[in-house]
Amino acid sequence: DGGITQSPKYLFRKEGQNVTLSCEQNLNHDAMYWYRQDPGQGLRLIYYSQIVNDFQKGDIAEGYSVSREKKESFPLTVTSAQKNPTAFYLCASSLGRNSNQPQHFGDGTRLSIL
Amino acid sequence: AQSVTQPDIHITVSEGASLELRCNYSYGATPYLFWYVQSPGQGLQLLLKYFSGDTLVQGIKGFEAEFKRSQSSFNLRKPSVHWSDAAEYFCAVGRTGGSYIPTFGRGTSLIVHP
């Protein structure tokens, strides 16, 4: 079955450490997205990519970085510059660039600080 | 820019009762509209979408939504709620005619009493 796989499901970060969240899709979708979810705040867009080797900052990109070297993969790195990284992170993909395309979501990664 | 408001943070209903979750959007033209559902610790699943045409849209799991242009609303309804419907519900709006990222509301948490 096609879908989006996020790993790991739970991740712990030490002070000063960078951590990378994995997102892989086998839906042959062009566009991929990273969202951060905090209680009561809905989904906030971190980064998105509409094509391989290209990505754009979302609303809260500071302290995060991404790459899009392959169509299937869109990893997110939470750097030590992100001072409040504890949150639920969701990866999504959509068929094309247009906003009429519904997004397909992974099951998320919960990141906590040790 | 488009925006979306979900006025109710929490909604509590009894099992078997009817349900209506409110969503209001702000956008000059006819937007693309979506409802998603999120079970605890999981990603979002698309319930239904509206692009054009019939203003009453049927979705999965017995849900429907009605687009009302005059009220800038896209409320989600279900005639009889089941305990398994307890979840977080998100409304999203996308702009037409371009590669724009949908905007999500902050979500409504549905609690179902037996």
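Note that the structure is predicted; figures quoted are calculated from it, not measured. Side chains are part of it too, since the values below use all heavy atoms of this structure and drop only hydrogens, waters and symmetry mates. Every chain is numbered from 1 and lettered A, B, ... according to where its sequence line falls, protein lines coming before strand lines.
- Between chain A and the residues B:G107, B:S39, B:G105, B:G41, the most heavy-atom pairs under 4.5 angstrom are made by B:G41.
- Residues B:T103 and A:L45 form no side-chain contact, since every pair of their non-hydrogen atoms from C-beta on lies 4.5 Å or further apart.
- Taken from CD1 in B:I101 to OH in A:Y48, the straight-line distance is 5.0 Å, to the nearest 0.5 Å.
- The two residues A:L90 and B:Q38 make their nearest non-hydrogen contact at CD1-NE2, 3.9 Å.
- When the shell of 6.0 Å around CD1 of B:I9 is examined, it contains 12 or fewer heavy atoms from other residues, nucleotides or ligands.
- With a 6.0 Å radius and a threshold of 12 heavy atoms from other residues, nucleotides or ligands, B:Q58 has its CD atom above the threshold.
- Put simply, A:Y35 and A:V19 are part of two different groups of oily side chains (I, L, V, M, F, W, Y) that touch within less than 4.5 Å, one to the next.
- Atom NZ of A:K14 is surrounded by 12 or fewer heavy atoms from other residues, nucleotides or ligands within 6.0 Å.
- Connection of A:L76 to A:Y33 is not established within any shared hydrophobic cluster, with ILVMFWY side chains joined at heavy-atom distances below 4.5 Å, either directly or through further cluster members.
- When A:R44, A:Q103, A:Q41 are each tested for a side-chain contact (heavy atoms from CB on, under 4.5 Å) with B:F104, only one passes: A:Q103.
- For the atom pair B:R106 CZ and A:Q37 CD, the distance stands at 12.5 Å (nearest 0.5 Å).
- The cluster map of Ile, Leu, Val, Met, Phe, Trp and Tyr, joined by side-chain heavy atoms under 4.5 Å apart, puts B:V93 and B:L47 in the same cluster.
- The shortest heavy-atom contact between A:P102 and B:L46 is CB-CD2, 3.5 Å.
- Contacts of B:E88 with chain A are absent, with no heavy-atom separation under 4.5 Å from either backbone or side chain.
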